[in-house]
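Single-structure report; data block below.
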Amino acid sequence: MNNFKKSTIYQIYPKSFYDSNGDGTGDIQGIIQKLDYIKSLGVDYIWSTPFFASPMNDNGYDVEDYRKINPLFGTMEDVEELIAKAGERGIGLMFDMVFNHTSTKHEWFRKALSGDRNYMDYYIFRDGSPETPPTNWTSKFGGSAWEYVPSLKKWYLHLFDVTQADLNWNNPNVREELKNVIRFWKKKGVKGFRFDVVNLISKPEVLEDDTTGDGRRFYSDGPHVHEFLKELAADTEIEDMITVGEMSSTSLEHCIRYSNPDEKELSMCFNFHHLKVDYKDGNKWELMEPDYQKLKELFETWQTEMEKHNGWNAVFWCNHDQPRIVSRFGNEKKYWKESAKMLAVCIHMLRGTPYIFQGEELGMTNPGYEEIGEYRDVESIHYYHILLEEGKTQKEALEILGQRSRDNGRSPMQWNSDKYAGFSEKEPWIGVPENHRFINVEAENQDADSILNYYRKLVDLRKRYTVIQDGGIEFLFQKQREVFAYKRLLDGQELIVLNNLTEKEVFLQEAIISKGYECLISNYEQDGKDSTLQSLRPYESIVMLNKQVG
Ligand code: TEU
């Protein structure tokens, strides 16, 4: 069995994790200083988002040099120290490879801009008149996906910010350059990689207008993507390392291929379908209550099909691009603790490798920024203006950002109840929510019943029970929208996972006989009697294992 099936991964957004030098921004030494905390969670790997040289228009996802460290975060020595000290604690580092695009400050792009044909072919340049972009595709951050360069009389493609130019993977030299980046970090002792939007790397040779959409159908899971990934993995010998691809608007069929070990592409995939069930008509910028029935169906399809075809999911609720889950699908006020724990269980007992995003283990909430001046994210600021242009009032636009902005996941990690949550001595680069007074590591360490200690137990359960690591999965109560429930099965072991997604008590359509089962974990007191389970209290969650073989 692959080691990553037992593993849990902790995601760090360094800019917001811990500031060691008092400049208001988190840094690499800050991560080093908190390694014992990370170790105390029981996690096996840290995935850190990028800290490479970058103008930081997209907080490091605009890479200027893949082999240099952004001085804002520290030095190469700091990174080497981080890899070594994490290694001493049995924790591997996964680095974030942003290979779909580079910053327009990257040397390759600067050479391209100067008219060097060799480097122009590193990117996706197309002819066209200054008035009309080559296609009608739009950027993920809003506006056209093309930018005109008058000196070259050409346009270049940028699926993200205008300062993030898409690389031309059809050029073998580009693929070689990127392999060398992997080899460089492997030599430094990195144990795995996360590949940013890696299913977008293969664009067709001939680009055409999208008459029914924004262009994504032409380049998501594009024509040569599987070939390119196989080549990358084989030539850099990363097939046995832990690798995860971030897949944007992907399909199940493709994710099976990306993650099936026989294909030798990646260990696992992130997909985002389950995080769109509160997008009205698929639009992130239109608010809607979450559709729990759809959420359940999506998990059922992805979990059971991936099992059937030997694929592997990365399972998660939160990352640096997403709002906080307790504010989103939970209840951050009355049932803060219950709902955060319940949501954790939904993910951590699944078939897949769970990811915890910094602060999720504390039940951190959306920060509740109230003015546009409090936002820092390029996407949020673009969309604020787009929403106003579309006729929304400022109040409405801010209400939408308050729920949808990527900055919701980027507020500083809450270490204690001090002024800046113990994150920094100085005012941080982005605001600290008031609730750090009671939602913080120090307070939760002292409380045996805290969300933090619950996450620690969940990580430990996965280590101890093979049925969680490797068991099959069957979904229960498919028609009962409030109940997210499934069974895990392995060699006679049977694990039952029941979760009430709502703040109302729910009566189970079929009673569950709990005789012969022991409760492994629950967010409510269980009476311990062998009995029949007829209902679940608000946000109640129970995990039970049959005793005979457990
Ligand atoms: O994100 C990919 C992506 O498509 C979305 O998550 C996007 O950030 C947005 O939410 C669309 O509404 C990855 C990184 O995780 C993100 O931080 C980067 O900005 C992006 O790629 C570009 O590198």
Side-chain angles (χ1 to χ4, degrees), residues 50 52-55 57-58 61-68 97-130 132-140 144-185 195-210 215-236 245 248:
F52 311 110
S54 162
N57 291 324
D58 189 19
Y61 281 94
D62 44 335
V63 180
E64 185 178 331
D65 188 329
Y66 294 101
R67 295 177 182 79
K68 288 222 168 77
M97 298 288 109
V98 190
F99 284 174
N100 176 67
H101 43 265
T102 72
S103 162
T104 49
K105 289 267 165 63
H106 196 290
E107 192 192 355
W108 304 334
F109 195 80
R110 285 195 272 115
K111 287 186 174 160
L113 277 190
S114 74
D116 183 328
R117 299 239 150 236
N118 192 28
Y119 284 97
M120 283 172 73
D121 197 32
Y122 272 41
Y123 295 90
I124 303 176
F125 280 97
R126 290 291 183 273
D127 293 326
S129 74
T132 332
T135 69
N136 64 351
W137 300 1
T138 55
S139 146
K140 307 265 182 197
S144 170
W146 294 95
E147 181 71 8
Y148 189 66
V149 183
S151 60
L152 299 174
K153 297 201 171 59
K154 283 181 195 299
W155 297 78
Y156 69 86
L157 180 71
H158 62 90
L159 293 183
F160 292 88
D161 188 54
V162 58
T163 63
Q164 292 166 298
D166 280 58
L167 283 164
N168 174 20
W169 277 67
N170 290 327
N171 178 349
N173 294 335
V174 167
R175 305 203 296 273
E176 278 317 305
E177 297 264 20
L178 299 175
K179 287 175 206 165
N180 285 333
V181 174
I182 300 276
R183 292 178 184 122
F184 176 86
W185 287 114
F195 293 100
D196 190 57
V197 288
V198 77
N199 70 323
L200 309 186
I201 57 176
S202 174
K203 280 87 176 175
E205 295 275 358
V206 180
L207 308 180
E208 50 187 298
D209 274 344
D210 191 346
R216 72 182 68 192
R217 67 192 170 98
F218 294 116
Y219 58 73
S220 310
D221 307 310
H224 301 294
V225 66
H226 294 284
E227 252 168 77
F228 291 159
L229 285 176
K230 283 186 173 68
E231 180 187 308
L232 186 79
D235 292 0
T236 58
S248 171

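Worth knowing before you read on, the calculation uses all heavy atoms, side chains too, and leaves out hydrogens, waters and symmetry mates. Bear in mind the structure is a predicted one, so any value in this text is a computation, not a measurement.
Look at Asp210 and Arg217 and you find a salt bridge, because one of the NZ, NE, NH1 or NH2 atoms lies within 4.0 Å of a carboxylate O, short of that distance. Under the 4.0 Å criterion applied to side-chain N and carboxylate O atoms, Lys230 and Glu227 are not assigned as salt-bridge partners.
The side-chain heavy atoms of Ser248 and Lys140, taken from C-beta on, include a pair separated by under 4.5 Å. By the 4.5 Å heavy-atom criterion applied to side chains, Tyr219 and Ser202 are not counted as neighbours. In this structure, the side chains of Asp166 and Tyr123 stay at 4.5 Å or more apart for every pair of heavy atoms. Contact check for Val162 versus Glu147: side-chain heavy atoms found under the 4.5 Å cut-off. With a 4.5 Å cut-off on side-chain heavy atoms, Phe195 and Leu229 do not count as touching.
A donor atom on one side chain and an acceptor atom on the other are not found under 3.5 Å apart for Thr135 and Asp209. For Asn199 and Asp221, the side-chain atoms include at least one donor-acceptor pair closer than 3.5 Å. Asp196 and Asn100 form no side-chain donor-acceptor contact under 3.5 Å, judged by distance and modelled atom types alone.
Using cut-offs of 30° and 60° for the angle between ring planes, the Trp137 and Phe218 rings count as parallel. Below 30°, between 30° and 60°, or above 60°: for Tyr119 and Tyr122 the angle between ring planes is between 30° and 60°, a tilted geometry.
Of the inter-residue distances, the one linking Met97 atom CE with Leu178 atom CG reads 10.0 Å to the nearest 0.5 angstrom. Atoms CD and CG, on Glu177 and Asn180 in that order, are 7.0 Å from each other to the nearest 0.5 Å. Expressed to the nearest 0.5 Å, how far OG of Ser103 lies from CH2 of Trp108 amounts to 11.5 Å. To the nearest 0.5 Å, atom CD1 of residue Ile124 and atom CH2 of residue Trp146 are 7.0 Å apart. Between the NE2 atom in His158 and the OG atom in Ser144 there is a gap of 5.5 Å [rounded to 0.5 Å]. One finds the CD1 atom of Ile201 at 12.0 Å from the CG atom of Leu159 (value rounded to the nearest 0.5 Å).
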List the steps and the verdict of side-chain contact (heavy atoms from CB on, under 4.5 Å) for Leu232 and Arg175.
-> CA-CA 8 Å; Leu232 186 79; Arg175 305 203 296 273; over 6 Å; no
Would you check, one step at a time, whether the test side-chain contact (heavy atoms from CB on, under 4.5 Å) holds for Glu64 with Glu107?
-> CA-CA 7 Å; Glu64 185 178 331; Glu107 192 192 355; over 6 Å; no
Just do the side-chain contact (heavy atoms from CB on, under 4.5 Å) check on Asp161 and Gln164 with the steps written out, would you?
-> CA-CA 5 Å; Asp161 188 54; Gln164 292 166 298; 3.1 Å; yes
List the steps, then state whether side-chain contact (heavy atoms from CB on, under 4.5 Å) holds for Asn170 with Asp121.
-> CA-CA 9 Å; Asn170 290 327; Asp121 197 32; over 6 Å; no
Any chance you could lay out the ring-ring contact (aromatic ring centres under 6.0 Å, His included) test for Phe109 and Tyr156, step after step, and finish with the verdict?
-> CA-CA 10 Å; Phe109 195 80; Tyr156 69 86; 4.9 Å; yes
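Heavy-atom contacts from other residues, nucleotides or ligands closer than 6.0 Å to CD of Glu205 number 12 or fewer.
Judged by distance alone, with hydrogens and angles left aside, the side-chain atoms of Trp169 form a donor-acceptor pair with the main-chain N or O of Phe99 at under 3.5 Å. Ser220 places no side-chain N or O within 3.5 Å of a backbone atom of Leu200 that could act as its donor or acceptor partner. At least one donor-acceptor pair under 3.5 Å links the side chain of Ser114 to the backbone N or O of Lys111. Side chain of Lys154 to main chain of Ser151: no donor-acceptor pair is present (N/O by atom type, distance under 3.5 Å, no hydrogens or angles). Without hydrogens or angle criteria, Ser54 side chain to Asp62 main chain gives a donor-acceptor distance under 3.5 Å. Judged by distance alone, the side chain of Arg126 and the main-chain N or O of Trp155 form no donor-acceptor pair under 3.5 Å.
Paired with Thr163 under the rule side chain to side chain donor-acceptor pair (under 3.5 Å), one option of Asp58, Asn57, Thr104 passes, and it is Asn57.
Not counting sequence neighbours, the partners of Val63 by the side-chain contact (heavy atoms from CB on, under 4.5 Å) test are Phe52, Tyr66, Val98.
Shown here for Asp235 and Arg183, the closest heavy-atom pair between the two residues is O-NH2, 3.0 Å. Between Arg110 and Lys105, the shortest heavy-atom contact is NE-O, 2.9 Å.
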